[in-house]
Amino acid sequence: MTMHRAVADPTDRGHDACVVERAEALATRGAITLILHEPIDDATLFAFVGGLDVSVMANVWGTHSGWIEMCHDLGVRVVAPNIGFYGEQHAPVLYDLAGRGDEAEDGDAASEDATVDARRLAEAILVAVDQGRAAPADDAERRDERDAGARVHSEIYRASIPTR
């Protein structure tokens with residue numbers, strides 16, 4: 001598990017004592033290797049993530065993810081919580097959060113008491129590993145996707161301008 005040093009620094013606004021405590025407990029038991037790191041440049045990040053078999057997102061809230069987009073570009077499978085619009089981004093393997101409530105629909109925002117359920121997460125990771133590595137994104141397809149998005153934004157913008 002990699003973690004930015006700021007998460008472990010009690011003087012930093014990004015500090016999260018609960019996350020640090022859990023990660024250190026797992027590392028002490030030998031369940032994970034915990035790596036605390038300083039900020040890294042894009043090339044180093046892409047090389048590191050590109051070497052993963054699976055990238056796990058343990059978020060309990062979110063709408064969409066630039067991380068999922070990066071993993072798609074690099075051909076890395078993603079395991080993500082079933083919140084926001086993650087499921088519409090390049091088919092990540094989704095898992096449900098604990099504490100969402102029975103009324104939650106797929107993709108709904110998680111409730112304040114939502115947490116990552118270790119059993120559900122482990123099952124999703126196994127599914128992703130069984131799927132194997134994804135093919136890296138095709139540059140031409142990504143350009144076409146970006147251009148199509150720009151056209152739609154332009155059309156919406158033009159349609160919103162009052163005519164005289």
Side-chain angles (χ1 to χ4, degrees), residues 1-101 104 106-139 141-142 145-146:
M1 173 182 200
T2 62
M3 183 185 307
H4 190 284
R5 261 188 213 291
V7 177
D9 180 355
T11 65
D12 194 283
R13 67 184 180 103
H15 176 64
D16 190 324
C18 182
V19 168
V20 172
E21 181 181 313
R22 289 179 179 180
E24 287 176 345
L26 288 168
T28 299
R29 289 197 329 246
I32 64 168
T33 299
L34 178 59
I35 301 167
L36 295 174
H37 65 84
E38 297 299 328
I40 55 178
D41 61 52
D42 288 350
T44 303
L45 175 65
F46 298 158
F48 174 78
V49 173
L52 299 175
D53 293 317
V54 173
S55 179
V56 176
M57 296 175 60
N59 308 38
V60 294
W61 57 268
T63 56
H64 66 283
S65 170
W67 192 267
I68 292 174
E69 296 295 331
M70 176 188 61
C71 287
H72 172 71
D73 289 346
L74 297 171
V76 175
R77 295 249 180 244
V78 173
V79 173
N82 190 11
I83 56 174
F85 294 92
Y86 291 171
E88 296 180 23
Q89 287 184 264
H90 311 294
V93 176
L94 300 174
Y95 64 93
D96 289 323
L97 295 170
R100 285 187 58 197
D106 287 352
D108 279 353
S111 63
E112 289 183 24
D113 61 343
T115 59
V116 174
D117 180 293
R119 180 189 53 78
R120 293 173 181 167
L121 176 56
E123 290 170 355
I125 291 170
L126 290 174
V127 168
V129 169
D130 285 347
Q131 289 178 353
R133 286 191 63 89
D138 178 76
D139 288 343
E141 287 178 17
R142 289 299 263 176
E145 183 180 76
R146 183 188 61 226

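The first residue of the sequence shown is numbered 1, and numbering continues consecutively from there.
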Checklist entry - If you look at every heavy atom in H15 and D9, which pair is closest and at what distance? => result CB-O, 3.1 Å
Checklist entry - Hey, are the side chains of T33 and M1 touching, using non-hydrogen atoms and a 4.5 Å cut-off? => result no
Checklist entry - Any Lys/Arg nitrogen of E69 or R142 sitting under 4.0 Å from an Asp/Glu carboxylate oxygen of the other? => result yes
Item to check | Qualifying residues under side-chain contact (heavy atoms from CB on, under 4.5 Å), relative to A6, sequence neighbours excluded | outcome: H4, D12
Checklist outcome for this item: Rounded to the nearest 0.5 Å, the OH atom of Y95 sits from the OH atom of Y86 at a distance of 9.0 Å
Item to check | Shortest non-hydrogen contact from L97 toward I83 | outcome: CD1-CG2, 3.8 Å
Item to check | Student check: side-chain heavy atoms of C71 and V78 closer than 4.5 Å | outcome: yes
Checklist entry - Roughly how far apart are I35 CD1 and R5 CZ, rounded to 0.5 Å? => result 11.0 Å
Item to check | Shortest non-hydrogen separation from T2 to F48 and the atoms involved | outcome: CG2-CZ, 3.5 Å
Next on the checklist: In the structure I gave you, are the side-chain heavy atoms of V76 and V54 within less than 4.5 Å of one another anywhere?
Outcome noted: no
Checklist entry - Between atom CZ of R133 and atom CG of L74, what is the distance when rounded to the nearest 0.5 Å? => result 8.0 Å
Item to check | Shortest non-hydrogen contact between D73 and P136, atoms and distance | outcome: O-CB, 3.5 Å
Checklist entry - Hey, are the side chains of V49 and L45 touching, using non-hydrogen atoms and a 4.5 Å cut-off? => result yes
Next on the checklist: What I'd like to find out is whether the side chain of D117 reaches to under 4.5 Å of the side chain of D96, using heavy atoms alone.
Outcome noted: no
Checklist outcome for this item: So OG of S65 and NE2 of H72: to nearest 0.5 Å the spacing works out to 13.0 Å
Next on the checklist: Quick one: does any side-chain atom of T28 pair with a main-chain N or O of E24 as donor and acceptor, under 3.5 Å?
Outcome noted: yes
Checklist entry - What's the shortest heavy-atom distance between A124 and V79, and which atoms? => result CB-CG1, 3.6 Å
Checklist entry - Do M57 and I68 have side chains that get closer than 4.5 Å, going by heavy atoms? => result yes
Item to check | Residue list, side-chain contact (heavy atoms from CB on, under 4.5 Å) with V19, at least two apart or on another chain | outcome: M3, V7, D16
Item to check | Side chain R77, main chain S55, donor-acceptor under 3.5 Å | outcome: no
Item to check | Heavy-atom closest contact (L34 atom, A27 atom, distance) | outcome: CB-CB, 4.0 Å
